Each structure stands twice: as C-alpha cells, then as structure tokens.
There are 2 protein chains.
Amino acid sequence: MALPSVRRSVLVDDVIQRLRDEITSGRWPMGARIPTETALIAELGIARGTLREATRALIHAGLLQARQGDGTYVRATSELSGAIQRLDSELGEVLEVRQGLDAQAAGLAAARITPEALDRLDALLARRATAWRQRDRDAWILADHAFHQAVATGAGNSLLSDLYAALGPALRRSMTAHWDDHGFDGADPRGHEDLLDALRAGDAVRAARSATSNIDATGDWHGTSSPSRPGPG
Amino acid sequence: MALPSVRRSVLVDDVIQRLRDEITSGRWPMGARIPTETALIAELGIARGTLREATRALIHAGLLQARQGDGTYVRATSELSGAIQRLDSELGEVLEVRQGLDAQAAGLAAARITPEALDRLDALLARRATAWRQRDRDAWILADHAFHQAVATGAGNSLLSDLYAALGPALRRSMTAHWDDHGFDGADPRGHEDLLDALRAGDAVRAARSATSNIDATGDWHGTSSPSRPGPG
DNA sequence: AAACATAAAACGTCTGACCTTTAACGTCCA
DNA sequence: TGGACGTTAAAGGTCAGACGTTTTATGTTT
C-alpha cells in the first residue's frame, strides 16, 4: 500500500494549534495571563500532561512565559524572534542582514508608505535628534530602531516587518555594545532626513541607497558611505 | 525585596538545552533516530513527563520528528525554518525578502567568496542551464535555488545563510506555484552569468545589482530589470 | 502602619498505568 | 523458495493522581 497513511492527528498538536490561535488572533493579547492549567484542562477535556506538552512547546517557541506560583503569560505573537535569538549570531552578522533588509524595506516603502506613516517617521526622527543632543544613549537607540522598524512596516510586507522585528533584540544589543566601546564618538551624528525625503518623493532607488549609506559594518561596498566611520546609525 | 530572584532553573529547560546540544553538535546527525524515551529517562534521571515536555518543545520547533511506534528522528538543526513556515506568508512577500537578502549576499560574497565556491557556482549554473534546455521544471528550480543558496553561503555570514535556507521551502513553493501559472514562458531564460562574473571580479556593486536585476515581484524599482517580465530567476 | 505568619493558588515534577501504531519476526502455504 | 499473513515486542501517545515549590493574597500581630 502506498496510501501515505491517514495519520490521525496527534492530540497535542491540535492543542498547540488551538492555543496558538488564541494568541495570534489576539483573544489572548500580549502580556495577558492565560487561563490556568486547571481551567484549560476542563475546557479542552484533556489530561494535564497533554496540556503541559502543548504549553511547553509554545513556551520554548517564545510565545508564552510560565511563572511558577503565578501563571502563564503571553510573551510574543511570533516565533521568529525566539528562533533568531537562539542562533546567537555575531553582532556583525546581524548588522549585515539588517543592512540588506533596510535597503529592501526602504525601496518598497517608497512606493507604498502612507502619509500617516511618513508623519510618524518625522516624529521619530525628531526624537532621535533630541536624544542625540541630550546624549541619551538608550533613548537614541530606541528612537533609531523605532524609525527603522517603522520603515520596514511601511514597506507593506508583513514577513519583512516580522523579520525586522525579530532582529530587534539582537540589534539593540549590538548597538549597546558598540556604544560601550566607542561612546558617542563612534555613532553617526547624521539623521535619516535624506531617507525620509526620498520616501516622501517616492524615489525608491534613492531611498534604498540612503538606507544603507551610513550603516556599514563590513567595508563600504555600497560606495556612498564615508570610509572612515563605520558606525551604527 | 528587589533582588530579581535567583530563579533556580526549571528542569525541563535544562533537558531541552541538553537535547538541543546533541543535535547542534552533530552527535545526533540529521535524519538519525535519537535514543528512546526509556533510554533517555534512564540516562538523564528524570520522569517521563519531563522528558516528553522537552522533546515536544523541540518537535514543535522543527528540530525533531516523532513517529509513534517507531521512534524520534532529527529533522533539522535550526529552528528558523519552522518558525518562518509557521508565518505562512504570501508568495510575493517571500520573494521581496529574498530579493533583499540576495542583494546583500551578492555584495558581501564579492569580497569574501572563495575560488572553490566560485567553481561550485559555475557547476550549478551549468546544471541550471541544462535543466532549462530540457524543460525540467523541478531540476531547474532546484538548481536555481542551490545557486542562490551557494551565493548566500559564500557571503560568509551564517545568519544570512541560515535565513536564506529557512526561506528555502517557501521559495520553492513559490517557484512551483509561479510555474504552474505561467509555465516556462513566465520564467527567466537568462542565467546568472553576469552575477558570477561580478563575483569573480570582486565587484560588489555590480554583483548586488545583478542579483536583483531579474527578480521582481513588485514593480521594478531597481531600475535595471526589464519591465515586462516579472519572473523568478 | 509595618512586619510577620498563614493559607490558597499556580506551575513543576514524579509515578504508574493503559492505548495506538509501527516494525520485526516467524509461520504457513502456494 | 518466496511471498502472504498473523503475532508480538517496542516505541511513542494519553490519562490519572499525587506531591513539591513558588508566588500571591490574606489576615493577624505588634
């Protein structure tokens, strides 16, 4: 017989899917405490061990977080972040990937970003500049990353946006580390005004070039970056 | 008390880490059947439920695959692939992300790829051309993807390479779907000779441009692609 | 009002049993 | 001899109950 087996689904997988749906659908929002094991057992009509296997899978995936004596909470809505962090890549590698995504995001956003998103980018750029003037490291990193993330979101590609978000923690760590090594001298005083202009003009080529012009962790093969200062920005 | 709790590690997490190490270290190679639950219980000195929670986590992550009545097998060495597939992104989105990674990979590879890798690229290109002449869809898709993957690997960035590999299944599905819609007419008869030339010359800018010149699922903002034929290539 | 003791609730782990599926073995018959 | 078939052992899947550990809330005391 070559019939590839009906493969009656494994109960645990159904439960995982069920719990996952509650999270991705938003019925269990970020940060919320999900029902207790006892409650879920009763509602789903399964044994505790089966439920625990399901929740453990989602905990490992990064979607849930269990706290003994307290409860289980929604920690994320995508498994990408956890998976990427488990690779614990080197900082330079993360920056290189970010650069590729940045360029693509900028190019796509030039054609798709909405006026409202452009306004938000403007505000984020202002916050970034303020943090710079005040020499506020954490605020600057946060604003810079929020700007880039907003561009990625403006690209209208949820996979791209999710990927960028998943790289977020590693990127912030990278930024902080770089900062601790070089201080404010190592960072880029320039803003992203040029990129924002390009997005406003709908100029994809210029936007893509601008997005990568002042980040370069590996040698400046993009040709437009200043060779002497390879800093995050 | 503000002491953020010593948080004595949870046993299951230790077990997960232990199993994960066996996989990533290669002691349990791809496709191998891992020891039986009974054996692992004895070796680790834990209860069956605890072990099952650990294995279930890795099963959901895509590293393991359990088959009732048979055993548990190593299915992958990275969790990225499973996480990305669970997003079930639209085909166009995957192609856009691929485009960004392609450009970055090509640019980096121009500076880092080894002569041996270049030879391999040459061979893959030949295979790709042969498949095209013989109108062998599956062989063509396989060779094309292998070429791109080899470029990504040649970039000397393991995160980039892993990401590209993780997108593989979705990309192949995308290719196949595109093919079923358009047949050989929709595909790109051009090869990647220009890209290979650029890599050989160490010309990063040309390599990056060439990598994205003939893929375009979203409008040809890269400026060098022919506007009339948006096909995978 | 602050500090301490107590109890309840939630997740963590263990034990043992039984079910379902698969693979391997051995037997039987053409 | 070789294939078909039935048996059986082994592996993962599910259930049930018990007890441990941690956190939070409660309530009492000083």
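Numbered from 1 within each chain, the chains take letters A, B, ... in sequence-line order. Quick caveat, the model's predicted, so the values are computed rather than measured. These numbers come from the heavy atoms of this one structure, side chains and all, not from hydrogens, waters or symmetry mates.
- Across A:R56 and B:A57, no two heavy atoms sit closer than the pair O-CB, 4.1 Å.
- Aromatic ring pairs are classed by plane angle as parallel below 30°, tilted from 30° to 60° and perpendicular above 60°; the pair A:H192 and A:F147 is parallel.
- Here the shortest heavy-atom pairing between B:I84 and B:A166 reads CD1-CB, 3.7 Å.
- Taking CG from A:L51 and CG from A:L19, the interatomic distance works out to 6.5 Å, rounded to the nearest 0.5 Å.
- When all heavy atoms are compared, the tightest approach of A:E53 to A:V12 is OE1-CG2, 3.7 Å.
- Straight-line distance from the CG atom of B:L51 to the P atom of D:dA11: 13 Å, rounded to whole Å.
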For nucleotides 14-17 of chain D, give me every protein contact, N/O to N/O, under 3.5 Å, one pair per line with atom names.
from	atom 1	to	atom 2	distance (Å)
D:dT14	OP1	A:L11	N	2.5
D:dT14	O4	B:R48	NH1	3.1
D:dC15	OP2	A:A47	N	3.2
D:dC15	OP2	A:T50	OG1	3.0

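- For the helix from C:dA1-D:dT30 to C:dA30-D:dT1, the angle separating the two terminal helix axes comes to 10°, with each axis derived from five pairs and the value rounded to 10°.
- A salt bridge is absent between A:R98 and A:E93: the closest approach of a Lys/Arg side-chain nitrogen to an acidic carboxylate oxygen does not fall below 4.0 angstrom.
- Of all heavy-atom pairs between A:E37 and A:R52, the closest is OE2-NH1, 2.8 Å.
- Of all heavy-atom pairs between A:L64 and A:V74, the closest is CD2-CA, 4.0 Å.
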Each nucleotide N or O in nucleotides 3-10 of chain C that has a protein N or O under 3.5 Å away: list the pair and distance.
from	atom 1	to	atom 2	distance (Å)
C:dA10	N3	A:G69	N	3.4

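- C:dT13 atom P lies 14 Å from atom CD1 of B:I41, rounded to whole Å.
- Figure legend: cation-pi geometry between B:R128 and B:W132 absent, as NZ or CZ is not positioned both under 6.0 Å from the six-membered ring centre and within 45° of its axis.
- Taking each heavy atom of B:A106 and B:L195 in turn, the nearest pair found is CB-CD1, 3.9 Å.
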